[in-house]
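Values reported hereafter were calculated over all heavy atoms of this structure, with side chains retained and with hydrogens, waters and symmetry mates removed. Only a predicted model underlies this, so the values are computations on that prediction, with no experimental measurement involved. Start at 1 and go down the list; that is how both ligands and their atoms are numbered.
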Amino acid sequence: MFNKKITIAIQSKGRLYEESKKLLSNSGISFRIIENRLLTRASNVNVDILQVRDDDIPSLVSNKVADLGIVGKNLLDEQLAGDKSLSVKETISLGFSKCKLCFAKPKDSTTDSLNNKVIASSYPNLVNQYLKQNKIKADVIKINGSVELTPYIGIADYICDLVSSGATLEANNLEATETLMESEAVLISSNDVDDTNFFDLVNRFKGVINAKDSKYVMLNCDESNIKKICALLPGSESPTIIPLEQKRKFAVHALCKEPVFWETMEELKENGASSVLVLPVEKILN
Ligand code: PRP
Ligand code: ZN
């Protein structure tokens with residue numbers, strides 16, 4: 001597997017770290033990360049893992065030090081907006097670390113527009129791009145950390161920062177006004193490299209991502225209820241219908257690509273399903 005060595009850069013700590021490692025190990029890559037070590041070699045496949053600061057990942061991939069990288073879309077777009085020489089592209093969305101980049105202001109502030117205001121952000125390029133697109137005149141100051149404090153020390157009217165649970169805004173008495181972008185972790189590769197080199201690995205990533213929300217559902221029902229029940233199975237394509245020993249009784253097996261909630265199971269039961277089993281799906285290879 002993976003004849004040519006693949007080097008993949010991930011964040012060494014922070015919001016993407018744990019999920020990035022989980023994606024790699026669920027994709028069949030065995031490794032043991034030693035703290036503070038830059039490079040980890042997988043023990044079973046031809047893969048090297050680089051643990052670096054997330055700001056460095058796009059340029060490491062652009063310069064082909066790493067073949068692939070896992071970064072937040074927010075960081076990627078900010079760097080692409082600011083550095084035209086960066087030659088990387090988003091390969092696939094990875095479905096974790098979902099958050100939004102939002103404008104926010106103090107709850108007690110009486111201003112109602114960004115016009116002529118001062119905005120503090122770690123994403124000045126994206127903010128300036130947004131202002132330009134929306135024909136708004138405002139000053140942007142770049143702050144690297146603790147952006148949420150800037151309205152209180154009197155240096156900004158608004159902030160533009162990542163919001164995930166909303167706890168940071170709440171704790172700082174701020175409220176979100178508008179969303180600049182939705183973000184999540186993405187896989188990036190260089191624009192000038194043939195992606196077929198990573199085809200198998202990227203397919204494994206896709207298999208793990210697809211499986212995450214998927215469940216395998218098995219249930220029994222009368223012949224007369226099959227149609228109704230199949231229509232209730234969330235995100236399933238073509239369920240398998242198997243006759244049971246008992247006359248006019250059938251088993252329905254389906255891969256559901258959307259979450260199966262208790263409410264759905266209860267509805268299935270109300271429509272004549274019995275012995276409803278919901279099983280986890282580990283991997284999918286299409
Ligand atoms: C981000 C962002 C907020 C917080 C939002 O910071 O800057 O502070 O997360 O998340 P919440 O809505 O769940 O509270 P991060 O933790 O990435 O660290 P940083 O600010 O040091 O980069
Ligand atoms: Zn923060």
Practice task
Considering the heavy atoms of Gly166, write down every atom of ligand 1 situated less than 4.0 Å from one of them.
Solution key: 11 (P), 12 (O), 13 (O)
Problem - Interfacing atoms of ligand 1 (cut-off 4.0 Å, heavy-atom, Ser165) - result: 11 (P), 12 (O), 13 (O), 14 (O)
Handout entry: Donor-acceptor pair between Asp48 and Thr7 side chains, under 3.5 angstrom
Key = no
Exercise for the section: Could you tell me whether the side chains of Ser189 and Thr91 share a donor-acceptor contact shorter than 3.5 Å? Expected result: yes
Problem - Parallel, tilted or perpendicular, as decided by the 30° and 60° cut-offs, for the rings of Tyr130 and Phe103 - result: tilted
Practice task
State, with a plain yes or no, whether a side-chain heavy atom of Ile10 is found less than 4.5 Å away from one of Leu50.
Solution key: no
Practice task
Using a 4.0 Å heavy-atom cut-off, say whether Asp161 meets ligand 1 through its side chain, its backbone, both or neither.
Solution key: side chain
Problem - Glu148 to ligand 1, any heavy atom closer than 4.0 Å - result: yes
Handout entry: Min heavy-atom dist Gly145 to ligand 1 below 4.0 Å
Key = no
Problem - side chain to side chain donor-acceptor pair (under 3.5 Å): pairs with one or both residues in residues 28-37, sequence neighbours excluded - result: Ser30-Asn44
Problem - Heteroatom distance test (Ser146, ligand 1): nitrogen or oxygen, under 3.5 angstrom - result: no
